[in-house]
Trainee: 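The structure follows.
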Amino acid sequence: MMRRRQQPPLTADLGLWGCAVNDAGHLELDGYDLVEVARDHGTPTHVASKRRLLDNCERVSSVFGAALHDCEVFYSYKTNCVPGLLRLIHDQGIGAEVISPYELWLAIELGLPGRRIIYNGPHKSKESLGLAIGNDLKLINADSMSDLMAIAEVCRTIGRSANIGLRLCPRRGWNAQFGFQMHNGEAAAGLRFIAENEAVLKLKGIHLHLGSQIGDRSVFGHALDEALAFMSETGAMADGRIEYLDLGGGYPVPTVRDVGGLERRICRLLGRPWAPPRPGSLPNLSDVAAIMAATLRRYTDGMARPPTVIVEPGRAITSGAQILLLAVRALKPRAPPIAILDGGKMNITVPTSFEFHHVLAANRMREPSLRNYRLVGRTCTPSDLVYDAVRLPELSEGDVLAVMDAGAYFTSFSSDFAYPRPPVLLADAGSVTVLRDRESFVGIAARDRVDSSPARPAVVA
Ligand SMILES: Cc1ncc(COP(=O)(O)O)c(C=O)c1O
């Protein structure tokens, strides 16, 4: 008989998420039994930890603050745009990095003044530019010549000027799609356009953003070096000319791993679970901040007024501060067994298409992981998986699974494909509160019209 390889229950990393195992063998977050939370609030449900979120804000601010001469932090809204979480993040002195008219509107609604907002994105509507310029945003980072022309036009129409950052596109990191390339004259043309329109376009800085969950630490140094060398050659880096170096986000968390297409195919073929990141294999925040600081020193040493560094973390702040709870709704005794969950990647777990996330059996934390399960969603779509193979304890219907690191790109990517979107709860000392309600059927249909009268579909359980 084939011997099944036993895997001990995961306990080592639980502290990274503010979690522990209680006497009942259940997963706890900040002292809350997540199995009870699932029972009380239903599944699927997101649970965020206030303590974890504030710790992450403090860690990001202090690590970058200590390594860099002068540093300001702006949280990337698209990572997780739940207003209750944004308010907590802003209360820690962190600003808003927005990439759409909606996100810009939301930051202003949340009471942020323009100097605490940065507006990015490959296309910015004229209406949103009017709002951005009218609110005197800290930076509007231009992505293309069309973007610069639109900003200049709106400035002239409303009789105001704009604080401009030029998004540069280095050879390392995400390339080609975003910003101005330096090797082919695009960036130089952008600088010329800004100079020709200096009455309305005030060049304040440059912007880089190199990717997300960046695993190769050398990317940060090389890209920054290319950008600073270019700016020095053009004379734009001269002492006092540039106020801000906006270095974007992309700072990885230690418990998530990008899994490439080839590895995904091989694992699928062999029925093998994706491997977690090796401890220490991903750069930590201090590594990245040190690399940035060393690169910067080469260009700014001796300056009387070195530029302020801006960072735009998303994942580093929210990823590990939120857990997604899903329940096992049905089991099929196949090889491997299939567990049908109340959420999958068609609507809730989109990042599990390409990222490794730990999945824990929240009510069986002391049981050994014996079997590979195929975890699927319930939307009648073959690609509605969570994962092809995850090693877990023997499962039963009603078990609660916790998808860890659900705080980055889960809520923002989720859709109402066939099912309402889950609520977002906040675990705080003494209470679990609701930051976002579970979507209702009426909520899904709220924008729809039948025969020009408002649609009011019956609620079918
Ligand atoms: C311009 C910009 N800044 C910041 C971020 C945040 O990235 P991350 O969540 O990897 O830190 C993103 C996300 O891709 C982005 O596009």
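Both counts, for ligands and for their atoms, begin at 1 and track the order of listing. Keep in mind that this is a model prediction, so the values were computed, not measured.
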Trainee: Hey, is the main chain of Ile99 close enough, under 3.5 Å, to the side chain of Glu103 for a donor-acceptor pair?
Mentor: yes
Trainee: In terms of residue, atom name and distance, what is the protein heavy atom nearest to atom 9 (O) of ligand 1?
Mentor: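 In this structure, atom 9 (O) of ligand 1 has Tyr409 OH, 2.6 Å as its nearest protein heavy atom.
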Trainee: In this structure, does ligand 1 have an atom that sits under 4.0 Å from one of the heavy atoms of Ala316?
Mentor: no
Trainee: Any N or O of Glu312 that comes nearer than 3.5 Å to an N or O of ligand 1?
Mentor: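 For ligand 1, there is an N or O atom that lies under 3.5 Å from one belonging to Glu312.
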Trainee: Give me the atom names and distance for the closest heavy-atom approach of Leu426 to Ser49.
Mentor: CD1-C, 4.2 Å
Trainee: Counting only nitrogen or oxygen atoms and a 3.5 angstrom limit, does Lys78 reach ligand 1?
Mentor: yes
Trainee: Return yes or no for this condition: an N or O of Ser76 is under 3.5 Å from an N or O of ligand 1.
Mentor: no
Trainee: Should Gly250 be counted as touching ligand 1, given the test is an N or O pair under 3.5 Å?
Mentor: yes
Trainee: Testing Val98, Ile117, Leu104 one by one against Leu112 for a side-chain contact (heavy atoms from CB on, under 4.5 Å), which residue passes?
Mentor: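 Looking at Val98, Ile117, Leu104, the match for Leu112 under the side-chain contact (heavy atoms from CB on, under 4.5 Å) is Ile117.
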Trainee: Which atoms of ligand 1 have any heavy atom of Gly249 under 4.0 Å away?
Mentor: 4 (C), 11 (O)
Trainee: Which heavy atom in Phe180 sits nearest to a heavy atom in Gly190, and how many Å separate them?
Mentor: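 Closest approach of Phe180 to Gly190, heavy atoms only: CE2-CA, 4.0 Å.
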Trainee: Does ligand 1 have a heavy atom under 4.0 Å from the side chain of Ser212, from its backbone, from both, or from neither?
Mentor: both
Trainee: What atoms in ligand 1 come closer than 4.0 Å to a heavy atom of Thr79?
Mentor: 9 (O)
Trainee: Can you tell me which portion of His209 lies within the under-4.0 Å heavy-atom range of ligand 1? Options are side chain, backbone, both, or neither.
Mentor: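 It is the side chain that touches ligand 1; the backbone stays farther off.
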Trainee: Just one of Thr295, Leu208, Ile214, Asp287 clears the side-chain contact (heavy atoms from CB on, under 4.5 Å) bar with Phe220, so which one?
Mentor: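 With Phe220 as partner, side-chain contact (heavy atoms from CB on, under 4.5 Å) holds for just one option, Ile214.
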Trainee: Give the atom numbers and elements of ligand 1 that come within less than 4.0 Å of a heavy atom of Asn120.
Mentor: 1 (C)
Trainee: Ion pair present between Arg172 and Asp216, side-chain N to carboxylate O less than 4.0 angstrom?
Mentor: yes
Trainee: Please confirm whether Phe178 comes under 4.0 Å of ligand 1, counting heavy atoms of the residue only.
Mentor: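 Heavy atoms of Phe178 never come under 4.0 Å of ligand 1.
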